[in-house]
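Letters A, B, ... are given to chains in the order of the sequence lines, protein chains preceding strands, and every chain is numbered from 1.
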Amino acid sequence: MDNSGIARVFSDIATLLQLKGEPVFKTRAYQRAADIASEYPGELSAIADDLDELKAIPGIGDAIAKKIQELSGTDRLEYYEDLKGEFPAGLLSLMEVPGIGPKTALRASEQLDIHTIEGLEAAIEAGEFEKLPRVGHKNAQSILRHIRSQRRQGDRIMLGLALPAAETIAARLAETCPDASNITVAGSCRRMRESVGDIDLLCTSDDPPAVAKAFAALDGVVDVLGQGDTRASVVLQSGLQVDLRVTEARHFGALLLYFTGSKQHGINLRARARSMGLTLNEYGLTSDLTGELETFDAEEGVYERLGLPFIPPELREDHGEIEAAENESLPNLLIDSDVKGDLHVHSDWSDGRVPIEEMVAAARELGRDYVAITDHSSGRGVANGLSVERLRAHNAEIEHVEAEVGGIRVFKGSEVDIRADGTLDYTDEVLSELDIVIASVHSAMGQERSVMTERVVAAMRNPHVTAIGHLTTRLVFDGARSREPVDLDLDAVFRAAADTGTLLEINASPKRLDLRDAHVMQARKAGVLFLINTDAHRPSGLSFMQYGVGTARRGWCEARDVINTLDAKAFEKFLALPKERRAGKTAVRT
DNA sequence: GCCGTTTTCGGCCCGACTGTTTTCAGTCG
């Protein structure tokens, strides 16, 4: 069973134990185990043979480690099956509807014989559901709205849609409500997670209730899910849910910290506060001794009071960031402006939308020092790939455009297909005429692990291949579709990348983000160096870079881990090195 | 169920909103 399956089982166990009335700390332990499983880089099943290695993961103890072993071996867990047997069927699916918790789900199931979302919907429409204790008409109608909006939107929305939407609604609030200051996007958007469940917006005001009220009345709001003195929760036309919290300026630091999350990072910080005789909440730190509340207008102050340096939002995932902060060993994360070039860009020569010249001009406009035009090769996988003749004409056109546009170095490149057998679409002789070769898988994605691994590693051994593009080919759920990653032995691939001096791309396109954050972390530890590329097919796509940088930051990358933070001159020097000398961190900045 | 330079036992994070109630349970983040 894969990590997401294991996470699902533990999450269900947590819910069922809660229903049974088990101590909250037990249910919390399982929920934490679920979070750990879903975030774990690499497959847990791969280390399941070694109980000690499992137990070395913080939050995994003896009992849960053994359950991971059982799940890895048999795809089944006796304990889980028994637990499920104690409850009516369909109970867990009911609880996926916002507004339905354990109590209500159990009553609906036992008293009304409801076991599916559709059954629930019918019972609400028939007026039966609202007769349950502590439900009532308004609750029932609110739940019905949630069912319908969830059906519209799916579970999560990709960051590339959420962040622009968040910025738009923030701007609208600023316009309508001059009284609102410090309007800030928080939550998983601020942590740059690849997809988010909803948008958290924070601001400060001398009159919070007025701002909450104005927010609920904003243009584009189609439904108000709740509204109080310090917060409001609305649904936009797109189906996206936005939660606003308002506070006085003196509480802003604690509020931002609190609602940036992650949940587990917050829990760890509050536990740390407790051990110092303090209570941390969204208003500040309260002394247990004097009962006095200390407030902070910025996050830095809260961290400082807890004896820690500022921890960037992308690191707040309970991946050892608090320990690193204590030891003053936090990474010096790369920032957007560190990125100097974009080495994976398409034009209308293959499947891009505009001529090379327009892409290059747009890249220069964004302040890039260099760019590579990497249209597709002639392989089967992709439409309108370049034959050898067209590739040579493409090379000539790139030289022409470089001279014509000026002020930006333009590299001759190709995104060349890695064929099913591991060979490439162009011969070595043709590849040697290029500055940049991004080798990618676009076909035969169903190959079994050993074949796919050898296929990618074979491409890495080619001396002309600069980097592997979007390694796993997975697609983030974009509201319509997603795609599972190909089956790869990532340990072997990362080792081979480091050994051969092949760079791995962090594809910044929000629907790809491939490598994903956990893989970046794993690859970086294996000594891999990266490129962050947009894979832009039109000028607007060139600004996806921020999502790639966010992903790299979530993988604890510094500028030195990412080769396209070099300026054009240093980057060319890097390219001039034979591949084997591009490996390892020492080769880079010399 | 997990965890430990204060502990192998006894701790383990905090508050707001809603609707249904007559003082608060349920849910959420």
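- With rounding to whole Å, A:R28 atom CZ is found 10 Å from B:dC12 atom P.
- Taking atom CG on A:L285 and atom C1' on B:dC14, their separation rounds to 13 Å, with Å as the unit.
- Residue A:L16 contributes atom CG, which lies 14 Å from atom P of B:dG1 at whole-angstrom precision.
- The interatomic distance linking A:H251 (NE2) with B:dG15 (C1') rounds to 13 Å, in whole Å.
- Residue contacts for A:N268: at a heavy-atom cut-off of 4.0 Å it reaches no nucleic acid atom on any strand shown.
- Side chain of A:R274, nearest nucleotide from B:dC13, B:dT18, B:dG1: B:dC13.
- Under the 3.5 Å distance criterion, with hydrogens and angles disregarded, no donor-acceptor pair is assigned to the side chains of A:Y79 and A:K66.
- Take the nearest nucleotide of DNA chain B for A:R270 and for A:A65: the residue whose nucleotide is more 5' is A:A65.
- Contact annotation for A:L269: no contact, since no heavy-atom pair falls under 4.0 Å across all strands.
- Counted by atom type alone, A:Q241 and A:S233 present one or more donor-acceptor pairs between their side chains at under 3.5 Å.
- For A:I64, the listed nucleotide lying nearest its side chain is B:dC2; candidates were B:dA16, B:dC2, B:dT18.
- Taking atom CD on A:Q227 and atom P on B:dG19, their separation rounds to 12 Å, with Å as the unit.
- The CD1 atom of A:I36 sits 15 Å away from the P atom of B:dG1 (whole-angstrom rounding).
- Look at B:dG29: its Watson-Crick or wobble partner, with both distances under 3.5 angstrom, is B:dC14.
- When the C1' atom of B:dT18 is taken as reference, atom CG of A:D229 falls 13 Å away, rounded to whole Å.
- Applying the side chain to side chain donor-acceptor pair (under 3.5 Å) criterion to A:T290, with sequence neighbours excluded, gives A:S287.
- Taking atom P on both nucleotides, B:dC28 is separated from B:dT23 by 26 Å, rounded to a whole Å.
- For the C1' atoms, the distance linking B:dT7 with B:dG11 amounts to 9 Å, nearest Å.
- When each of A:G226 and A:Y79 is assigned the nucleotide of DNA chain B bearing its nearest heavy atom, the one mapping closer to the 5' terminus is A:Y79.
- For the C1' atoms, the distance linking B:dA25 with B:dT21 amounts to 9 Å, nearest Å.
- Using a 4.5 Å cut-off on side-chain heavy atoms (C-beta onward), A:Q111 and A:P133 make contact.
- The aromatic rings of A:H251 and A:Y283 stand perpendicular to each other, their planes meeting at an angle above 60°, with 30° marking the opposite boundary.
- Proximity of A:T279 to the phosphate of B:dC13: no side-chain N or O atom is located under 4.0 Å from OP1 or OP2.
- Comparing the C1' positions of B:dT20 and B:dG26 gives a spacing of 11 Å, expressed to the nearest Å.
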Quiz item: When every nucleotide of nucleotides 20-29 of chain B is labelled 5' to 3' by its protein contacts under 4.0 Å (heavy atoms), B for base, S for sugar-phosphate only, - for none, what sequence of letters results?
Solution: S----BSSSB
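- Looking at A:D517 and A:T551, their side chains never bring a donor and an acceptor atom within 3.5 Å of each other.
- Side-chain contact, A:T184 with A:N182: no donor N or O sits under 3.5 Å from an acceptor N or O.
- Summarising the geometry, the separation between NZ on A:K55 and C1' on B:dG4 is reported as 15 Å, rounded to the nearest angstrom.
- Straight-line distance between the P atoms of B:dG4 and B:dC13: roughly 14 Å, to the nearest whole Å.
- Residue A:S142 is out of contact with every strand shown, counting any heavy-atom pair closer than 4.0 Å.
- Distance noted for atom C1' between B:dG1 and B:dT5: 24 Å (whole Å).
- A:L240 has its side chain out of reach of A:V235: every pair of non-hydrogen atoms, C-beta onward, lies at least 4.5 Å apart.
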